[in-house]
Amino acid sequence: MLNLPSLGPRKSVRVQIAHALRAAIVSGEMRPGTVYSAPAIADRFGVSPTPVREAMIDLAREGLVGVVRNKGFRVTELSDRELDEITEVRALIEVPAVVRVAESGRAAEVRALRPLAEAIVRAAGERDVLAYIEADHRFHLALLGLGGNAHLVRLVSELRYRSRLYGVPRLAERGELEPSAREHEELLDAVADGDAARTEALTRHHLRHIRGIWADRPERR
């Protein structure tokens, strides 16, 4: 049975379901190559199949799933080359963007993100994979958002959803997720201190680290 997150107080059932399924795909809970039917997922959420199909169509537009005629939706599998390309593009975008935030003198606003960084560490300690991925996503987008470029934030969000954090569940199971989680606190401190050189080094290191986690693929079931 899929370990899908609960539906929270969001604007519509369609949006709630898309959010939950997106998190399950990014975490690797929904496996690449596997076909999932809308009625089965609807039963899991206790809703009709219609909003599930609508949410899946939204995810298909994002490239996360493909439509399988008369069967359902198949989670898209990314090659190592595609993951490398995503990492390269993210580095080109995120590294200078975060450095600019460090140089902006907005220390108070940066330090206000501390609860998000702590939420990542807390989720890692509790081995809560979905909470970890959700907090991680919110932290990075909020930090980039301090740069004031909404288009950049939206693009990075799409790239992050395109990736798959396959290795996170394994790290969580082994209790080895916290070192990666604490990188967020170190990065936050560097940005708040206005240390551009350290910010750049930590951002590049974090992206390389995450690429390694992406590479830790699960066996197909």
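Heavy atoms only: backbone and side chains are in, while hydrogens, waters and symmetry mates are out.
Taking CG from Leu141 and CG from Leu146, the interatomic distance works out to 11.5 Å, rounded to the nearest 0.5 Å. Atom CZ of Arg100 sits about 13.0 Å away from atom OG1 of Thr199, to the nearest 0.5 Å. Between atom CD1 of residue Ile86 and atom CD of residue Glu82 there is a gap of 7.0 Å, rounded to the nearest 0.5 Å. Here Asp195 contributes atom CG and Glu103 contributes atom CD; the two are 10.0 Å apart, rounded to the nearest 0.5 Å. A distance of 11.5 Å separates CD1 in Ile133 from CD1 in Ile25, rounded to the nearest 0.5 Å. Distance CD/Glu186 to CG/Leu188: 11.0 Å, rounded to 0.5 Å.
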The test is side chain to side chain contact (heavy atoms under 4.5 Å, CB included); show your working for Val65 and Leu21 and say whether it passes.
CA-CA 10 Å; Val65 300; Leu21 295 180; over 6 Å; no
Run the side chain to side chain contact (heavy atoms under 4.5 Å, CB included) test on Phe73 and Val52 for me, step by step, so that the C-alpha distance in whole Å, both residues' side-chain angles and the decisive distance to 0.1 Å come before the verdict.
CA-CA 11 Å; Phe73 301 84; Val52 174; over 6 Å; no
For Asp58 and Arg61, run salt bridge (Lys or Arg N to Asp or Glu O under 4.0 Å): C-alpha distance rounded to whole Å, both residues' side-chain angles, the deciding distance at 0.1 Å, then the answer.
CA-CA 5 Å; Asp58 292 338; Arg61 293 194 187 103; 2.9 Å; yes
Before giving the answer on side chain to side chain contact (heavy atoms under 4.5 Å, CB included), spell out for Ile93 and Leu159 the whole-Å C-alpha distance, their side-chain angles and the decisive distance to 0.1 Å.
CA-CA 11 Å; Ile93 296 173; Leu159 289 171; 4.1 Å; yes
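A 4.5 Å side-chain heavy-atom check between Phe139 and Glu185 finds every atom pair outside the cut-off. Side chains of Leu64 and Met30 form no contact here, defined as non-hydrogen atoms less than 4.5 Å apart. In this structure, the side chains of Leu187 and Leu143 come closer than 4.5 Å at one or more pairs of heavy atoms. The shortest distance between side-chain heavy atoms of Val95 and Leu207 falls below 4.5 Å.
Under the 3.5 Å distance criterion, the side-chain polar atoms of Ser157 are left unmatched by any main-chain donor or acceptor of Val153. The backbone N or O of Glu126 sits nowhere less than 3.5 Å from a side-chain atom of Tyr132 that would complete a donor-acceptor pair.
Placement of Val156 and Ile120 within a single hydrophobic cluster is found when ILVMFWY residues are connected by side-chain heavy-atom separations under 4.5 Å, directly or transitively.
When all heavy atoms are compared, the tightest approach of Asp128 to Ala131 is OD1-N, 3.1 Å. What you find for Ala55 and Ile17 is that their closest heavy atoms are CB-CG2, 3.7 Å. Of all the heavy atoms in Arg31 and Tyr36, the pair that sits closest is N-OH, 2.8 Å. The two residues Ala190 and Leu202 make their nearest non-hydrogen contact at CB-CD1, 3.9 Å. Contact between Arg74 and Gly33 at its shortest, heavy atoms only, is NE-O, 3.3 Å. The nearest pair of heavy atoms linking Leu144 to Val98 is CD2-CG2, 3.7 Å.
If you run side chain to side chain donor-acceptor pair (under 3.5 Å) between His140 and each of His184, Glu94, Arg90, only His184 comes through. Each of Arg114, Arg198, Arg182 was checked for a salt bridge (charged side-chain N to carboxylate O under 4.0 Å, His left out) with Asp189, and the lone residue meeting it is Arg114.
With hydrogens and angles left out, the side-chain atoms of Arg22 and His19 include no donor and acceptor closer than 3.5 Å.
Other cluster members for Val35: Val68, joined by side-chain heavy-atom distances under 4.5 Å among Ile, Leu, Val, Met, Phe, Trp and Tyr.
Remark: Glu158 does not engage Arg154 in a salt bridge, criterion side-chain N to carboxylate O under 4.0 Å.
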